[in-house]
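The block underneath contains the structure these notes are about, expressed in structure tokens.
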Amino acid sequence: MRNLLQGFKNIIKRILQAIKRRMKKIGIGWAFIIPALFFITLFVIIPIFYSMFLVTQSCRGIVCESNFTGNIDKLMGDVQFRQVFKNTFIFFIVQVPIMLTLALIFAVILNNPKLRFRGVFRTAIFLPAVTSLVAYSVLFKMMLAPEGIMNTAISFIGISPIGWLTDPFWQRVTIIIALLWRWTGYNMIFYLSGLQNIDKEMFEAAEMDGANKRQTFFKITIPQLKPIILFTAVMSTIGTLQLFDEPFNIIRGSGTTASTMTLSQYIYNLSFVYIPNFGYAAVISYVIMIIAALLTIIQFRIMREEK
Amino acid sequence: MRKPNKIVKIIKLSFTYMFLSIVSFICVFPFYWMLAGGTSTSNEVSSGNISIGSNLVENYRILVEQSDYLRAFGNSAFVAILTTILALFISSLAAYGFEIFKSKRKSKVYGVLLLTMMVPFAALMIPLYKVVIYLELSNKLISVVLPAVATVFLIFFFKQSFIKFPREIIQSARIDGANEFRIFRSIVFPAMKPTYAAAAILTFTASWNNFLWPLITLSSNELQTLPLKISILSSSYTPHYGVILLSIVIATLPSIIVFFSLQKYFVAGLTGAVK
């Protein structure tokens, strides 16, 4: 027994020595990195490789079979996929430009040092960004309910109640309004910080040359802010493609979800609501990844060409 | 040059203030409405009443007794605090390793990590779920913590700030015979506290507000975090408006407190020390 213990001790000692020797050889720097690398490998790298295998599978529950071409055929003829793709694209194409334009306008107005109460306005407009996505979704759901405060308010100016949560068209409007409320101030902060970094002398020089406000805006402000506009555009694009919390929580329990269901919701439904088909869900995941990459490349191109 | 008329200027200015006031009102009103509703009865909320009510205590009693809200609050706090501590520790260590002990091979590894940042979470969640099931972590609170403890974004964030750290200090500590981990703990860490504070805010709020991943991996009622609890409360067939709004108020309070107490750092940090 004692010999056995002694043996174990010796083995552990040797292993530790080997590790120490090896550490010296490859450098102590790796010791700092290895814990993070371990977790990232486990929870990011392995899933990425695993998804490459998943897309070749067609599943019913836990029973899977290899059928990659079947998955692609299914994607091509999938009516519901076409619908959720269209929904996600509408949210992206309507909401992102409105939001970024508004954010830029607010930032330019608030950047005027002569303006009073700037801090108050800035805080007020940014405040929605501190709410959690679920919390503000539920809040909007209640404000826009059939007998909610919004319908009460518009009845005062003689508009009849609107089916914010039930009518397919207005459901989309609701999601877009909610997204604008939550994210405009957030993006405004990035533009404000960008504006602070523009050299004041440029504006002064423009004023001396007799440029009006509009010319200054398009000839100085926009070009100078270009990197930040690109950054916010890419972030918003990836965010919108992954939209889940808002449509899930706002429209939940209000009848039809066909006009607001997003790609992420479809993946969730394919995996956990319908008969689970992880293989096909992974195919839809790849669609999101490819679109995100394409849109990012396009945005980079547009920005470069305008230079 | 043409001098603008003074009256025109005043009219323009008042339009600006009016515009900003309306926008601010739209942004702030839902917060007020949530407070008013959280202190009112269900009937008062649905009848369009927008004054602060007197039903706060009763709403709180119902919320705590009927929905196990405090347990959800505890779960969220546990997850968010543990995630923040582990994430700051592991990610800052890695960033330090990448920045201070630069080598060709490390730069390559870092490049690969940056590439993975481009993969949206929606594309990862299904294979990630499979991994979590394989490790027998599903339906445990730790399954929400572990995937968030080493994020490429945080490593990037810390690495950017380590770039500015003066190397001479590290070098002289080495000459004095301190070992590398000691240098990190007693010299680098104390000097980087503002960076750690900013990273802590980002990580804590992201974890506190996370919805989709806990929705996938936590299936037991007693493991629900706050966002899951609120989502379920709001979708019940007989929603109790006052109670739901109070649950939102309580869930939002930590973020608002953090924001207002650190607003100075936050805005100054983002806008680059504005006078």
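When reading the values below, keep in mind they use all heavy atoms of this one structure, side chains included, and skip hydrogens, waters and symmetry mates. If you're wondering where the values come from, they're calculated on a predicted model, not measured in any experiment. Each chain gets a letter, A, B and so on, in the order its sequence line appears, and its residues count up from 1.
For the pair Lys130(B)/Phe53(A), no side-chain contact is recorded, criterion being any heavy-atom separation below 4.5 Å from C-beta on. Considering only heavy atoms from C-beta on, Ile256(B) stays 4.5 Å or farther from Thr131(A) through its side chain. Using a 4.5 Å heavy-atom cutoff, the side chains of Tyr136(A) and Thr252(B) are not in contact. The closest side-chain heavy-atom distance from Ile267(A) to Ile126(B) is below 4.5 Å. Considering only heavy atoms from C-beta on, Leu124(B) stays 4.5 Å or farther from Tyr50(A) through its side chain. Between Val134(A) and Leu226(B) the shortest side-chain heavy-atom distance does not fall below 4.5 Å.
Using a 30° and 60° split on the angle between ring planes, Phe272(A) and Tyr129(B) fall in the perpendicular class, above 60°. A perpendicular orientation is assigned to the rings of Tyr17(B) and Phe117(A), their planes being inclined by more than 60° (bins at 30° and 60°).
Scanning both residues, Lys106(B) and Gly29(A), for their nearest heavy atoms gives CE-C, 4.0 Å. The heavy-atom pair separating Gly97(B) from Ile33(A) by the smallest distance is C-CD1, 3.8 Å. The nearest pair of heavy atoms linking Ser255(B) to Val130(A) is CB-O, 3.4 Å. Between Phe32(A) and Glu180(B), the closest heavy-atom pair is CZ-O, 3.9 Å. The two residues Ala135(A) and Ile248(B) come nearest to each other via the heavy atoms CB-CG2, 3.6 Å. Taking all atoms of both residues into account, the shortest heavy-atom contact from Pro120(B) to Ala292(A) is CG-CB, 4.5 Å.
Under a 3.5 Å cut-off, the side chain of Trp33(B) and the backbone N or O of Leu139(A) do not form any donor-acceptor pair.
For Arg116(A), the parts lying under 4.5 angstrom from a heavy atom of chain B are both the backbone and the side chain. Residue Leu270(A): no heavy atom, backbone or side chain, is found under 4.5 Å from chain B. When heavy atoms are compared at a cutoff of 4.5 Å, Tyr110(B) does not approach chain A at all. Only the side chain of Leu113(B) comes within less than 4.5 Å of a heavy atom of chain A; its backbone N, CA, C and O stay farther away. Only the side chain of Phe106(A) comes within contact range of chain B, with at least one heavy atom under 4.5 Å from a heavy atom of that chain. Of the two parts of Leu54(A), only the side chain, counted from C-beta on, holds a non-hydrogen atom closer than 4.5 Å to a non-hydrogen atom of chain B. Contacts between Thr296(A) and chain B at a heavy-atom distance below 4.5 Å involve the side chain alone, from C-beta outward.
Taking 4.5 Å as the heavy-atom cut-off, the residues of residues 107-114 of chain A that approach chain B are Ile109(A), Leu110(A), ordered by number. Residues of residues 239-251 of chain A that come within less than 4.5 angstrom of chain B, heavy atom to heavy atom, are Gln242(A), Phe244(A), Asp245(A), Phe248(A), Asn249(A) in numerical order.
With chain B as the partner, the residue from Thr184(A), Ile40(A), Val120(A) showing the most heavy-atom pairs under 4.5 Å is Ile40(A).
Side-chain contact check for Arg252(A) and Ser231(B): at least one donor-acceptor pair (N or O, by modelled atom type) lies under 3.5 Å.
A centroid separation of less than 6.0 Å is found between the aromatic rings of Phe31(B) and Trp181(A).
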